[in-house]
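See below for the structure under consideration.
All chains are named by letter (A, B, ...) in the order of the sequence lines, taking the proteins before the strands, and each is independently numbered beginning at 1.
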Number of protein chains: 2
Amino acid sequence: MERLILSVAKDLFLEKGFSGVSTTDIAAKAGCNQALVHYYFRTKSNLFKIVFKDVLSQLKEKIFTSYNSKASFEEKITEIIDVHFSMLQENPYLPMFLMNEISNNKDISLIIQEVFLSSIYPVMDSLQKDLQTEIAEGRVREISVFNLLLDIVSLNLFIFIAEPVMKNILGYNEKERQEVIEERKNEAKKVILLRLKAN
Amino acid sequence: MERLILSVAKDLFLEKGFSGVSTTDIAAKAGCNQALVHYYFRTKSNLFKIVFKDVLSQLKEKIFTSYNSKASFEEKITEIIDVHFSMLQENPYLPMFLMNEISNNKDISLIIQEVFLSSIYPVMDSLQKDLQTEIAEGRVREISVFNLLLDIVSLNLFIFIAEPVMKNILGYNEKERQEVIEERKNEAKKVILLRLKAN
DNA sequence: ATTATCTATAGATCTATAGATAATGC
DNA sequence: ATTATCTATAGATCTATAGATAATGC
């Protein structure tokens, strides 16, 4: 039951955020009474922190396995976009959830620093080196790692953030949704490669 | 006082969203008591709808004046990005606010349809025509209006959505923030033009 | 005995309204 | 008279805890 509560809490928090979910909601969905949530996790904040940490370290693992050093630079970039996209397809609520909680919940930055920052630097270093080589040898246009990563993340994430808006405005069904996402993935790859490729 | 309440409500809702603000908060910041908020606007939902409609039509005006038909295609695209960026710099909370409320508040889609949809089609048509001419004459690579607009909006909006995250992780000050935003604006222009320009 | 689960409830909000009082417009 | 503002309060949550009861492990 403890694990069930945690799992239910994770689903609900991801979908509706910290303030959108009450411990009563969690208990109802887990099929126990509300006091039990507090028995296992003391406070709602505490439960949320555990969930958040969990979500973040899962995310970390998925992201940082994508950059394997076998392939060509172009293939690596394409691979990053592919992995990033499929991760987002599996967790469509994740971007909104993270953005929201980070801007609302001030003391969450500690968790982010703890779980995330240590892992991001090696990957950036590796990407940095590859990028410098490519630029030096004239295959890639001048660009900073910072801008390259933000370009990629912007183009990948945004469709998932905008998805509820588009659903409302355009009113498409699930099949069309998948097509739109697939189309955006290919467009993202095209845009990034055209930005990079020196001709 | 009625206008003051409305203005305070707008600021607070934009910053913290519908559920993050109580009528007590609004009254406190407006310097009156909480009953007065209900006297003028009956319910919190009603007040919110008025604010939302207001925000949306202001946004609409700002967005749809950007596409004037004088300049060259390349200049028009650059102009769109410039106007979009400066609008966002003036209203940094806007993207998050819109995304959030649209996904939380189901009956808000009506307001969006009412205020927004009617205005977007003429602009898209105009852009569509220009784009087709450019493509037909071999100056621009094949791309749909849908993808072009999403590319632009992704690259422009994302930095503002990610801003709280970055502030937390990178911990920069206001001056550095402005520099980052300026850098991203130039990068966005570069990316879009490289995507479009047939060589 | 200890751990898991429940019932009941205190105390904090928060929205919305009723009814009193003050301010304003004719 | 009408409109603007206030005080007070009902009724709905929601979090957290105390204390009772059921289930489990030795």
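Side-chain N or O atoms of A:Ser103 include one that pairs as donor or acceptor with a backbone N or O of A:Met99 at under 3.5 Å. Listed for the A:Ser57 side chain is a donor-acceptor partner under 3.5 Å among the backbone atoms of A:Lys53. The backbone N or O of B:Val55 sits nowhere less than 3.5 Å from a side-chain atom of B:Gln58 that would complete a donor-acceptor pair. No side-chain donor-acceptor contact under 3.5 Å links A:Lys60 to the backbone of A:Ile120.
For the segment residues 2-15 of chain A, no residue has any heavy atom less than 4.0 angstrom from an atom of DNA chain C. In the region residues 18-29 of chain A, proximity to DNA chain C at under 4.0 angstrom, judged on heavy atoms, holds for none of the residues. Taking every heavy atom of residues 34-43 of chain A and every atom of DNA chain C, pairs under 4.0 Å involve A:Ala35, A:Leu36, A:Tyr39, A:Tyr40, by number.
For B:Gln89, the side chain to side chain donor-acceptor pair (under 3.5 Å) test picks out B:Gln178, with sequence neighbours left out. Qualifying salt bridge (Lys or Arg N to Asp or Glu O under 4.0 Å) partners for B:Lys10, counting only residues two or more places apart in sequence or in other chains: B:Asp54. Residues that satisfy the ring-ring contact (aromatic ring centres under 6.0 Å, His included) test with B:Phe85, not counting sequence neighbours, are B:Phe160. Not counting sequence neighbours, B:Phe158 has no partner by the ring-ring contact (aromatic ring centres under 6.0 Å, His included) test. Residues satisfying the ring-ring contact (aromatic ring centres under 6.0 Å, His included) test with A:Phe41, not counting sequence neighbours, are none. Taking the side chain to side chain donor-acceptor pair (under 3.5 Å) definition, one finds that A:Lys189 meets it with A:Asp82, sequence neighbours left out.
Chain A approaches DNA chain D within less than 4.0 angstrom (heavy atoms of the protein), and the contacting nucleotides run 5' to 3' from D:dC14 to D:dT17.
In this structure, A:Phe52 and A:Phe97 have tilted ring planes: the angle between them lies in the 30° to 60° band.
Applying the side chain to side chain donor-acceptor pair (under 3.5 Å) rule to pairs touching residues 16-33 of chain B yields B:Ser22-B:Asp25, B:Thr23-B:Gln34, B:Thr23-B:His38, sequence neighbours excluded.
Looking only at atom types and distance, the side chain of B:Arg184 has a donor-acceptor partner in the side chain of A:Asn147 under 3.5 Å away.
With a cut-off of 3.5 Å on both pairing distances, the Watson-Crick and G-U wobble pairs of DNA chain D assemble into stems of 3 or more at C:1-24 with D:1-24.
Under the 4.0 Å criterion applied to side-chain N and carboxylate O atoms, B:Glu187 and A:Arg195 are assigned as salt-bridge partners. Ion pairing of A:Glu174 with A:Arg177 is present here, as a side-chain N (NZ or NE/NH1/NH2) and a carboxylate O approach within less than 4.0 Å.
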